[in-house]
Amino acid sequence: MRYLILFGVLIYILAGCSSPSAPDESKVKKVVAAVVITPRNTAITQNNAYNYLFLDSAALADFIVKYQLNDTVANQMRSFYNARNYEFAWVDSSGLTEEAAAFRSLFNYSKDTSGDKPLNAKLDRLLEEDSMHVKATDPDMIKTELMLTWRLVRYFRKMDGDFSALENMVPMRKYEIMEMTDSMLQADNKLYPVVAAMKPALQKYRDIVQKGGWPMVDTSHRHLKKGQSSPEIIGIKKRLALTGELSQNDSTNEFTEELETAVNRFRNEHGYTENGIINDTVVHAMNVPAKDRLQQLLINMQRMKWMPASPEGKLILVNIPAFMLHVTNSGTKVFDMPIVVGKEGHSTTMFYGQLNQVVFSPYWNIPRSIVRKEILPAISRNPNYLARKNMEIIGHVNGLPVIRQRPGAKNALGRVKFLFPNSFNIYFHDTPEKRLFSRDNRAYSHGCIRLKDPVTMARFILEDSPEWTDEKIDAAMNAGKQRYVAVKHPVPVIITYFTAWVDDGTLHMVPDVYDHDSIMKQKMF
């Protein structure tokens, strides 16, 4: 189960759901008596709600009648919305929430998604929208909201346990930070035992905030390293001692070997190269207020509810803010790999796919947006641009040329790509720009995920096909002719977004590259 500990994630096996047209009646009869409808919580208002949109209770009543929901399911849905005073759970004024995207990923990961293809298609379309302005009275969004809650109920229906967990999957209201922290520390983690990995860090940061946080680090040099002396080093040592990177009680102004080790620990924990140097980036990370760090922990612990259980067999997990990919097999770590991710990703907080094809010596079919914004202006400046870039026009659509880049050394996808179909059109690929992997911030691509070591990935994906020897893989990657290879046993791929997690007892906290934490902070606190 090392994969679970690697991210310190909140894990629980939510049993595979039944089709709504074929409910498990034995289970329904078993739990009918246990369903107690939560009274309506009128203390949740527009002023303190996690979500500003509220549902008319009549809409739920109509939904129950229209879809002929049995008493168990109907009562669980009533209880779910009573607990949140009929505040929307999955839709807010800007469209689908992060929770909706995460639950979609979790559900798609399950073994049985029968009967839900229309809803999945609808969610895909909504998640592709850059900006929406949703009203609580929109019948289409009301239906989407209630369909998702029905799906959640079905997900929980086969569980033996407390159905109150269902009501707490999606936050209901804003909290004062210490109130939420104490609630999280006191929570019974029967359903989510691995969240305990985050609790020591949560307790430590709670205590630091309670005592007033930490003083701001100041350095006029902005570039300090071992062997130097400076009055600012005294404050840096106090800061690192407070959060535990520096264990010695040292009040001198000398940049010692022990301080260098502590700085490297801090750099590693915050996603930076371990070069032993204190620069602007490190100082900025040290000066993030303790209260903000405590909020960061709480946001990610809430986000972790939607992680699936570690499966039997292979798994590829990508954590976008960490710029890392992790591969496991039956919970045992196989390898980690640095990646380059897209510059932005408003809806790619979490999604799931199955890696089912390897494409050697691929063409790059250039997206229309890139053709319009980048390629055409480049052609106007230099008529030989296409030839220089080994590109060709293969047609026209609505007056815009369809352009692709031929296989070869200049191809932006490198020598191989790996496909796992998803609504975001994201895939893994090689890259000729290896220099990017030496950077701390690796958000540069147009949206797909570049791999530092695609050869290792190809060997891993094709190891069930003995005919694909190392020599054959190398030949296909350098053939200059595109070739598709079906993966004998498709590998699950989960894209995640955690800016805080625990790895072997060490807390990691990295920058919020897509500003998802910023949005959650406004809703939660």
Any pair with a residue in residues 455-464 that passes side chain to side chain donor-acceptor pair (under 3.5 Å), sequence neighbours left out, goes on the list, sorted by first then second residue, please. K314-E463, D453-T456, R459-D470
Neighbour count above 12 (heavy atom, 6.0 Å) for Q68 CD: no
Heavy-atom pair with the smallest gap, counting every atom of H429 and L413: ND1-CA, 3.5 Å
Do R303's NZ or CZ and the ring of W306 fall within the cation-pi criteria of under 6.0 Å and 45°? no
Under 6.0 Å from the ring centre and within 45 degrees of the ring axis: does the NZ or CZ of R151 meet both conditions for the six-membered ring of Y155? no
Ion pair check, E433 and R450, cut-off under 4.0 Å: yes
By ring-ring contact (aromatic ring centres under 6.0 Å, His included) - contacts of Y444 (at least two apart): none
Taking the side chain as everything from C-beta on, heavy atoms only, tell me whether P338 gets closer than 4.5 Å to M324. yes
Parallel, tilted or perpendicular: which fits the ring planes of F351 and F420, with parallel below 30° and perpendicular above 60°? parallel
How are the rings of W150 and F63 set to each other: parallel, tilted or perpendicular (split at 30° and 60°)? perpendicular
Within a reach of under 6.0 Å around NZ of K291, are more than 12 heavy atoms found that belong to other residues, nucleotides or ligands? no
Under 30°, 30 to 60°, or over 60°: which ring-plane class applies to Y497 and Y514, parallel, tilted or perpendicular? parallel
